[in-house]
> 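Here's a structure for you.
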2 protein chains.
Amino acid sequence: MKKIQVIVAEDQGMVLGALAALLETEPDIAVCARAANGREALSAVGKLKPDVLVTDIEMPEMTGLTLAGEVKERYPQTRVMILTTFARPGYLRRALDAGAKGYLLKDRPSAELADAVRRVHQGLRVVDPDLAVEAWDSGPDPLTERERQILWRAGEGKSSGEIAEELHLSEGTVRNYLSEAISKLGASNRVEAARLARSKGWL
Amino acid sequence: MKKIQVIVAEDQGMVLGALAALLETEPDIAVCARAANGREALSAVGKLKPDVLVTDIEMPEMTGLTLAGEVKERYPQTRVMILTTFARPGYLRRALDAGAKGYLLKDRPSAELADAVRRVHQGLRVVDPDLAVEAWDSGPDPLTERERQILWRAGEGKSSGEIAEELHLSEGTVRNYLSEAISKLGASNRVEAARLARSKGWL
DNA sequence: CGTCCCCCCTGACATTTGTCATCTCCCTTT
DNA sequence: AAAGGGAGATGACAAATGTCAGGGGGGACG
């Protein structure tokens, strides 16, 4: 009997080790490699051609979302399952667009992990149902690329002037984009707008 | 030979289960209970009187820091070890003040966990060295209680007027406190001030 | 071809934010 | 009793922010 070969990617060492230990307790699953970031994960997938890649989203070097896209493109025999803290509609959408087969939240009971891996391995989709609903009715990302860039920086505490300089725009233009973003998101100032966009996974 | 009895508290189900699995692989450690929040953890500690409590900080119901204080007070035979994502000087200081014996980051390799548990069990202190240094030279929390309340709300995107109403203050007073906080933190506006304070663990 | 959308700009305006000096009240400490 | 010190307030001013109306110049698409 052949075990399901799994690679786990996760930047927090403690959590990486713990998840691996958890999966190793399953008789039909084997963790054939661990990766601390997206780049490592991609090269490990290239070398070992595992059945399933379980990956976090927010990681240094390469995001789990980018990673999912690369793996889908270059090693389509490996199915990707996202495992993340963030219940953000925008993340889910991007994950599925990038070819991920599963999207599981770290909130869920740990008993679900092995099962999700098995399902994804069988070619089924595994998507958190609550999040899927939320993703459905919160609609698509309303922000343009420029608005995203600017709102991101505003959320970091930068002034309109600083943002303008950084992006080689006039300050008035920056204020216009911010105003537009604020109204699109139904916020009442840049801070609230940035928080809202972040919570949706649009930033 | 008696195993070290450990309770793990962590609000992300997946991580909770994984950490428990990781600890269970050690021959001299037994996980006698799991808790999904601070309240659960406290009552479990009361019932089982474990040797060590490993707990996250940011949890619903009761913070790991509050929990540490309660356990220290009511069940001093149980040693508390904080296990968290956040390398924030203010968190470390509060944890130690609350009587925690260890402060470990989820960034660290998973191999360190069991060892840290053993050391804490022996009565030794385990503190992340880099963080300890940072905590040392970033000094103590410079904010007053009012400043903290106001800065927190400002960071959520509330306007001075809204904050004033919420706290039954005049708007001018709110602006004064914000101005004071901004200057104490060396920031150039409320957003940057809030981010800075958060990153230090003062919010 | 026209239309739409995105990008970028200007100028004007109202509002909010950040800063300072100054004042009252109340509570400690000496 | 006097001297501080914290919490809260006021008023005034400069600077940053948010909003509107308008105007260019593309690229995409029917």
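Naming: A, B, ... by sequence-line order, numbering from 1 per chain. Side-chain atoms are counted along with the backbone in the values below, which use heavy atoms only and exclude waters and symmetry mates. Predicted, not measured: the structure shown is a model, and the values here were computed from it.
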> So, does A:Glu162 use its side chain to make a donor-acceptor pair with the main chain of A:Lys158 at under 3.5 Å?
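Checked: no pair found.
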> In degrees rounded to 10°, what angle is found between the helical axes fit to the five outermost pairs at each end of the helix from C:dC1-D:dG30 to C:dT30-D:dA1?
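Here the helix ends are tilted 30° relative to one another.
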> Could you check which residues of residues 193-203 of chain A get a heavy atom under 4.0 Å from DNA chain D? Sort them by number, please.
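None - not one residue of the stretch has a heavy atom sitting under 4.0 Å from the strand.
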> Looking at A:Thr63 and A:Leu65, would you say the former's side chain and the latter's main chain have a donor-acceptor pair under 3.5 Å?
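Flag not set: sc A:Thr63 to bb A:Leu65 has no pair under 3.5 Å.
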> Specify the separation, in whole Å, of atom CD of A:Glu171 and atom P of D:dA15.
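Interatomic distance, CD of A:Glu171 to P of D:dA15: 13 Å.
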> Could you check how far OH of A:Tyr177 sits from C1' of D:dT19, rounded to whole Å?
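Rounded to the whole Å, the gap is 16 Å.
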> Between B:Arg39 (side chain only) and B:Met62 (backbone N and O only), is there a donor and an acceptor less than 3.5 Å apart?
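No; judged by distance alone, with no hydrogens or angles, the pair does not exist.
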> Whole angstroms only, please: what is the CD-P distance between B:Glu192 and C:dG18?
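After rounding, the gap between these two atoms is 11 Å.
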> Nearest-nucleotide wise, let me know which of B:Asn176 and A:Thr144 is further upstream toward the 5' end of DNA chain C.
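Its nearest nucleotide lies further toward 5', so the answer is A:Thr144.
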> Taking for each residue the nucleotide of DNA chain D bearing the nearest heavy atom, is the 5' side occupied by B:Asn189 or by B:Leu169?
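Checking each residue's closest nucleotide, the 5'-ward one belongs to B:Leu169.
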> With a cut-off of less than 4.0 Å, is there a side-chain N or O of A:Arg146 near OP1 or OP2 of C:dC8?
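Yes.
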> Counting distance only, does the side-chain N/O of A:Glu26 pair as donor-acceptor with the main-chain N or O of A:Asp28 below 3.5 Å?
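Not a single qualifying donor-acceptor pair exists.
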> So, is B:Ser170 close to the D:dA9 phosphate, meaning a side-chain N or O under 4.0 Å from OP1 or OP2?
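Checking D:dA9 against B:Ser170, a side-chain N or O does come within under 4.0 Å of OP1 or OP2.
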> Tell me which nucleotide among D:dT10, D:dA7, D:dG18 gets nearest to the side chain of A:Arg175.
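In terms of side-chain proximity for A:Arg175, the closest of D:dT10, D:dA7, D:dG18 is D:dG18.
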> Using whole Å, report how far CD of B:Glu180 lies from P of C:dA21.
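Atom CD in B:Glu180 sits about 12 Å away from atom P in C:dA21.
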> Does this structure show an ion pair linking B:Arg94 with B:Asp141, if we count only N-O contacts that are shorter than 4.0 Å?
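B:Asp141 and B:Arg94: not salt-bridged.
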> Hey, what do you get for CG (B:Leu113) to CG (B:Leu104), rounding to the nearest 0.5 Å?
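Those atoms lie 6.5 Å apart.
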> Distance check: side-chain N/O of B:Arg190 vs OP1/OP2 of C:dT17, anything under 4.0 Å?
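Result: yes.
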> So, the side chain of B:Asp51 versus the backbone of B:Gln5: is there a donor-acceptor pair under 3.5 Å, distance only?
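Yes.
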> Give me the one residue out of A:Val8, A:Val52, A:Ile4 that meets side-chain contact (heavy atoms from CB on, under 4.5 Å) with A:Leu23.
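Among A:Val8, A:Val52, A:Ile4, the one that satisfies the side-chain contact (heavy atoms from CB on, under 4.5 Å) with A:Leu23 is A:Val8.
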> Check whether any side-chain nitrogen or oxygen of A:Ser160 sits under 4.0 Å from OP1 or OP2 of D:dT17, and answer yes or no.
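So the side chain of A:Ser160 is within the cut-off, an N or O lying under 4.0 Å from OP1 or OP2 of D:dT17.
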> If we ignore hydrogens and angles and just use 3.5 Å, is the side chain of A:Glu40 paired with the main-chain N or O of A:Ala36 as donor and acceptor?
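Judged by distance alone, yes, a pair lies under 3.5 Å.
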> Look at A:Ser179 and D:dT19 and indicate whether a side-chain polar atom (N or O) is within less than 4.0 Å of OP1 or OP2.
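Yes, A:Ser179 has a side-chain N/O under 4.0 Å of OP1/OP2 on D:dT19.
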> Which listed nucleotide (C:dT19, C:dC8, C:dT17) is nearest to the side chain of B:Ser159?
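Looking only at heavy atoms from C-beta outward on B:Ser159, the closest nucleotide is C:dT17.
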> Would you kindly give the CG-to-P distance between A:Leu143 and C:dC5, to the nearest whole Å?
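Atom CG in A:Leu143 sits about 16 Å away from atom P in C:dC5.
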> For A:Leu83 and A:Asp56, run side chain to side chain contact (heavy atoms under 4.5 Å, CB included): C-alpha distance rounded to whole Å, both residues' side-chain angles, the deciding distance at 0.1 Å, then the answer.
CA-CA 5 Å; A:Leu83 176 61; A:Asp56 193 8; over 6 Å; no
> What is the distance from CZ of B:Arg148 to C1' of D:dG6, rounded to the nearest Å?
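So the two atoms are 16 Å apart, to the nearest Å.
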> Please state how far atom CG in A:Leu185 lies from atom P in D:dG18, giving the value in whole angstrom units.
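One finds 13 Å between P of D:dG18 and CG of A:Leu185, rounded.
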> Rounded to the nearest angstrom, tell me the gap between atom NZ in A:Lys158 and atom C1' in D:dT17.
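So the NZ-C1' distance, A:Lys158 to D:dT17, works out to 18 Å.
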